[in-house]
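Quick note on labels: first sequence line is chain A, next is B, and so on, each numbered from 1.
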Number of protein chains: 2
Amino acid sequence: MKHILSVKNPQVKEWKKRLTKKEREKTGTFLVEGFHLVEEAFKAEAIIDLIISEEIDVPSWDYGDIPITIVTKEIIKELSDTETPQGIFALCRQLDYPEILSTAQTFIAIDQVQDPGNMGTIIRTADAAGVDAVIIGEGTVDIYNPKVVRSGQGSHFHLPIVKTNLSAFIDALKERHIPVYGTALENGRNYREIEKTDTFCLILGNEGSGVSKQVLSKTDTNLYIPIHGKSESLNVAVAAGILMYYFK
Amino acid sequence: MKHILSVKNPQVKEWKKRLTKKEREKTGTFLVEGFHLVEEAFKAEAIIDLIISEEIDVPSWDYGDIPITIVTKEIIKELSDTETPQGIFALCRQLDYPEILSTAQTFIAIDQVQDPGNMGTIIRTADAAGVDAVIIGEGTVDIYNPKVVRSGQGSHFHLPIVKTNLSAFIDALKERHIPVYGTALENGRNYREIEKTDTFCLILGNEGSGVSKQVLSKTDTNLYIPIHGKSESLNVAVAAGILMYYFK
């Protein structure tokens with residue numbers, strides 16, 4: 001068990017780099033914070049380093065070979081994205097799912113969602129609904145952003161999340177005869193008119209502009225959720241939840 | 001058209017008080033911020049005072065008798081809850097719906113939801129789903145909190161939102177033979193087994209602890225949304241959306 005006292009320690013600087021998307025992508029790692037998320041990471045065998053405040057008790061898990069580092073309150077503050085850190089972090093590896101695009105039967109695909117809370121909530125809901133995989137198109141918020149991870153409440157470790165080009169992905173689904181449903185406010189079909197199938201891909205889009213025209217033009221059918229009242233639209237995570245639970 | 005230059009002006013101090021729940025309740029007023037929300041407030045005839053930055057153009061609406069005050073960028077910052085204020089506010093009256101509890105047919109009731117984003121999203125979704133009224137139980141986040149208003153995206157002006165005691169409210173619904181559905185992770189019925197009815201009240205609860213035991217004991221039936229994957233629960237706003245769209 002190492003003990004680091006200085007925020008200037010090179011190891012601390014190395015961890016802190018994971019607060020930027022660029023470094024997370026370069027290293028294929030990310031930080032998770034708090035007891036619940038660290039425990040989920042531990043169960044998923046995704047932990048590279050465990051970082052614990054000298055002010056809290058080390059949880060009594062069987063850590064095996066996971067290196068544990070005890071750090072000061074000041075270092076915890078440096079690494080934290082929250083106002084009241086719980087004092088425990090794990091440096092995790094981003095899980096890899098090489099076969100999933102060709103084996104999964106049910107997908108939710110994301111086209112340029114920007115809000116971290118929405119993105120994390122969609123991942124959490126996909127997990128709950130039992131969707132096989134979450135597909136992340138280009139221009140979407142980084143799924144390893146600390147706020148996305150926090151809103152995901154551990155679901156990052158429960159189901160495959162794969163970044164890919166949506167256009168090529170849709171082509172591959174068509175070859176597998178999996179129905180691809182876009183979502184749009186207009187010129188679509190009411191989702192309740194659609195007969196449920198064992199396989200599907202639902203595509204949700206950006207908070208302001210929705211699914212891009214280019215993607216919508218490649219889908220089999222575009223769906224809308226009827227608005228009965230006076231609001232202009234639904235929150236994207238709520239829309240995703242309504243559709244995933246309708247189709248599953 | 002008045003022009004105020006100093007942040008110390010008594011009128012500015014008066015407006016600023018609306019950033020606290022206590023003053024909002026005492027005065028029956030609240031502030032809304034940004035073009036979209038001010039326009040919704042205007043259409044709902046809820047505006048008492050219109051406050052506009054000297055740096056932006058005054059929208060060309062027919063204001064009638066609404067007093068307009070032009071203020072400095074510094075005053076806008078004082079009143080704003082956002083990092084990049086749009087430079088327009090309306091002081092609004094909280095709308096009143098004296099008859100709604102005895103006339104509405106479909107309700108969503110909220111028991112101690114704490115997160116402003118969740119609360120605003122539930123109001124927005126209730127509006128979209130065409131639910132007749134949103135009922136706010138004691139211990140719930142203030143619906144006129146700026147973050148709740150922002151997440152509500154104008155739906156605060158579209159449908160009745162009424163604060164009341166949930167226990168007494170449920171008693172009144174029973175007299176009207178309106179089915180009351182609580183939500184719980186356990187010991188309930190799968191919502192899909194429930195036959196839809198023209199009237200209903202759905203009750204959603206706190207993010208951590210759900211609907212309180214006291215309220216659950218008074219409902220006709222308690223529902224759960226099945227979790228097919230490994231996540232422990234759904235976000236409360238997502239759950240509310242799934243249920244409202246199922247029942248409407």
Got a sec, which residues hit side-chain contact (heavy atoms from CB on, under 4.5 Å) with B:Ala109, two or more places apart in sequence or on another chain? B:Ile135, B:Leu166, B:Phe169, B:Cys201, B:Ile203

side-chain contact (heavy atoms from CB on, under 4.5 Å) against A:Ala41, all qualifying residues, sequence neighbours excluded: A:Val32, A:Ile47, A:Cys92, A:Phe157

ring-ring contact (aromatic ring centres under 6.0 Å, His included) with A:Phe89: which residues, sequence neighbours excluded? none

At their closest point, which heavy atom of B:Val238 faces which heavy atom of A:Ala237, and how far apart are they? CG2-O, 3.9 Å

Can you pull out all donor-acceptor pairs below 3.5 Å that join chain B and chain A?
from	atom 1	to	atom 2	distance (Å)
B:Arg124	NE	A:Ser233	O	3.2
B:Arg124	NH2	A:Ser233	OG	2.9
B:Arg124	NH2	A:Leu234	O	3.1
B:Asp127	O	A:Gly229	N	3.2
B:Asp127	OD1	A:Lys230	N	2.8
B:Asp127	OD1	A:Ser231	N	3.3
B:Asp127	OD2	A:Ser231	N	3.0
B:Ala128	O	A:His228	N	2.6
B:Ala128	O	A:Gly229	N	3.3
B:Arg192	NH1	A:Tyr245	O	3.4
B:Arg192	NH1	A:Lys248	O	3.2
B:Arg192	NH2	A:Tyr245	O	2.4
B:Arg192	NH2	A:Lys248	O	3.2
B:Pro226	O	A:Tyr245	OH	2.6
B:His228	N	A:Ala128	O	2.6
B:Gly229	N	A:Asp127	O	3.2
B:Gly229	N	A:Ala128	O	3.4
B:Lys230	N	A:Asp127	OD1	2.8
B:Ser231	N	A:Asp127	OD1	3.3
B:Ser231	N	A:Asp127	OD2	3.0
B:Ser233	O	A:Arg124	NE	3.2
B:Ser233	OG	A:Arg124	NH2	2.9
B:Leu234	O	A:Arg124	NH2	3.1
B:Tyr245	O	A:Arg192	NH1	3.4
B:Tyr245	O	A:Arg192	NH2	2.5
B:Tyr245	OH	A:Pro226	O	2.6
B:Lys248	O	A:Arg192	NH1	3.2
B:Lys248	O	A:Arg192	NH2	3.2

Top contributor to chain B contacts, counting heavy-atom pairs under 4.5 Å, from A:Ala239, A:Ala240, A:Gly154, A:Ala129: A:Ala129

